[in-house]
Amino acid sequence: MDPAEPDDLAATQEAVVSWYDDNARDLPWRRPGTTAWGVLVSEVMLQQTPVVRVKPAWRSWTSRWPTPADLAAAPTAEVLRAWDRLGYPRRALRLQQCARAVVERHGGIVPTDEESLLALPGVGAYTAAAVAAFAHGRRAVVLDTNVRRVLGRALEGRALPAPSLSRAEQERARTYLPDDAARSVRWNVGLMELGALVCTARAPRCPACPLVGTCAWVLAGRPADEHAHRRRTQTWHGTDRQARGRVMAALRGSDGWTGHDELLRAAADGADPAALPDRSQPGRALASLVADGLVVAGADDRAGWYRLP
DNA sequence: AACGCGGGGGT
DNA sequence: ACCCCAGCGTT
């Protein structure tokens, strides 16, 4: 498809927007009355965590800490406990730092411009654009993994987007962004929804796609992913991340201080016996959590004891 | 540009 | 078993 052809462009926009009108999921953070802070919280939670797992956590968080000031004032240990198993708990830490920055820099009001949003802890290019668009109705280039995949297929005929976002990709996305702000929001959320429900990474449901007639990837016969050989499978069993996760789980379930030995046992617990034992891993995991500010190490008579911050 | 960072559900 | 998920910050 020629991206510069105005008729194709308008037809593509209309196809996505009207498909979204008919197929949008009823997600809690899309309901009328959701605050900008609620949208921001949802976006941070959705960074690498699937929608189904975010839903209950988001309801609990927004009910418990409805405003940035509420979260800013909360005990960090409670914030980390409430984060529970959403994964990547550094996000919870940054979200509280973000809440404090919103209070200090913006009087407790979530800013509307992408530049101010981007300056907040835990808010990167995607989240800044998403909050500007979905919380404030602004025109913004929202490029997440879903949008990149849909545009890559429909416009370029690629099975999956390249590992890193290119300038050309951003420019092309900007070209397709509707001029009207309200319509651009529906376009953005429509592309994301299309990627989540139809144009999925693994088993796309092309017959159900509003773009199937013009999709460059379909027209090319759905060629395979050209980057497949470069994608690294993320190993999980036996990794430091798994050990860190176990330490955090142990601390979430414990009031007050926990001893060094107990935490190291937790870190090693359940490790694959067949795997090469790495005796330094438990200690390394604990040290890295302390370095990240996710765990506090006691001093003096509390030396050798640990707790959530 | 590449890497580290959780955890669980779908295939 | 493997893959993927509304990415970000650091190196």
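We use all heavy atoms of the structure for the numbers below, so side chains are in, but hydrogens, waters and symmetry mates are not.
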>> Quick check on DNA chain B: between A:L165 and A:D292, whose nearest nucleotide comes earlier from the 5' end?
In response: A:L165

> Touch check for A:T145, heavy atoms < 4.0 angstrom, all strands: base, sugar-phosphate only, or nothing?
Replying inline: sugar-phosphate

> Reading DNA chain B 5' to 3', how would its secondary structure be written in dot-bracket notation, given Watson-Crick and G-U pairs with both distances under 3.5 Å, brackets [ ] for crossing pairs and | for partners on other strands?
Replying inline: |||||.|||||

Measure all distances between protein nitrogen or oxygen atoms and nitrogen or oxygen atoms of nucleotides 9-11 of chain B, and list the pairs falling under 3.5 Å.
none

> What does A:G87 touch in the nucleic acid at a heavy-atom separation under 4.0 angstrom: a base, only the sugar-phosphate, or nothing?
Replying inline: base

> Relative to each other, are the rings of A:W61 and A:W83 parallel, tilted or perpendicular (30° and 60° limits)?
Replying inline: perpendicular

>> Taking the side chain as everything from C-beta on, heavy atoms only, tell me whether A:W58 gets closer than 4.5 Å to A:T34.
In response: yes

> Could you give the CG-to-P distance, from A:L120 to C:dG7, as a whole number of Å?
Replying inline: 18 Å

> Base, sugar-phosphate, or nothing: which does A:A196 touch, judged by heavy atoms less than 4.0 Å apart?
Replying inline: nothing

> What nucleotide among B:dC5, C:dC5, C:dC8 has an atom nearest to a side-chain atom of A:R90?
Replying inline: B:dC5

> Where the side chain of A:R149 is defined as all heavy atoms beyond and including C-beta, which of B:dC5, C:dC5, B:dG7 is the nearest nucleotide?
Replying inline: C:dC5

>> Taking A:R139 first and then A:E114, would you say they form a salt bridge - that is, a charged N and a carboxylate O separated by under 4.0 Å?
In response: no

> Can you tell me how far C1' in C:dC5 sits from the matching atom in B:dG6, rounded to whole Å?
Replying inline: 12 Å

> When you match A:S164 and A:G245 each to their closest nucleotide on DNA chain B, which lands nearer the 5' end?
Replying inline: A:S164

>> If you compare every side-chain N and O of A:Q48 against the phosphate oxygens of C:dG7 (OP1, OP2), does one of them come in below 4.0 Å?
In response: yes

> Taking the nucleotide of DNA chain C with the closest heavy atom to each, which residue, A:F134 or A:P121, is nearer the 5' end?
Replying inline: A:F134

>> Can you pull out the residues from residues 71-81 of chain A that lie within a 4.0 Å heavy-atom distance of DNA chain C?
In response: none

>> Salt bridge check, A:E78 against A:R81: does any charged N sit closer than 4.0 Å to a carboxylate O?
In response: yes

> Counting side-chain heavy atoms from CB outward, which of C:dA6, C:dC8, B:dG6 is closest to A:T127?
Replying inline: C:dC8

> For the side chain of A:T239 and the base of B:dG6, is some donor closer than 3.5 Å to an acceptor across the two?
Replying inline: no

> Which of these nucleotides, C:dC5, C:dG7, B:dC5, is closest to any side-chain atom of A:P50?
Replying inline: C:dC5

> Roughly, in whole Å, what's the span from OH in A:Y88 to P in C:dC8?
Replying inline: 13 Å

> Would you say B:dC5 has OP1 or OP2 under 4.0 Å from some side-chain N or O of A:R91?
Replying inline: no

> Could A:D278 and A:R284 be called an ion pair, given the rule that one side-chain N must be under 4.0 Å from one carboxylate O?
Replying inline: yes

> If you check every side-chain atom of A:R244, which of C:dG9, C:dA6, B:dG6 has the closest atom?
Replying inline: B:dG6

> How long is the line joining CG of A:D240 and P of B:dG7, in whole Å?
Replying inline: 13 Å

> To the nearest Å, how far apart are A:R241 CZ and C:dC5 C1'?
Replying inline: 12 Å

>> Using the P atom as the point on both nucleotides, what is the distance between B:dT11 and C:dA6, in whole Å?
In response: 13 Å

>> Rounded to whole Å, how long is the line connecting atom CE of A:M192 with atom P of C:dC4?
In response: 18 Å

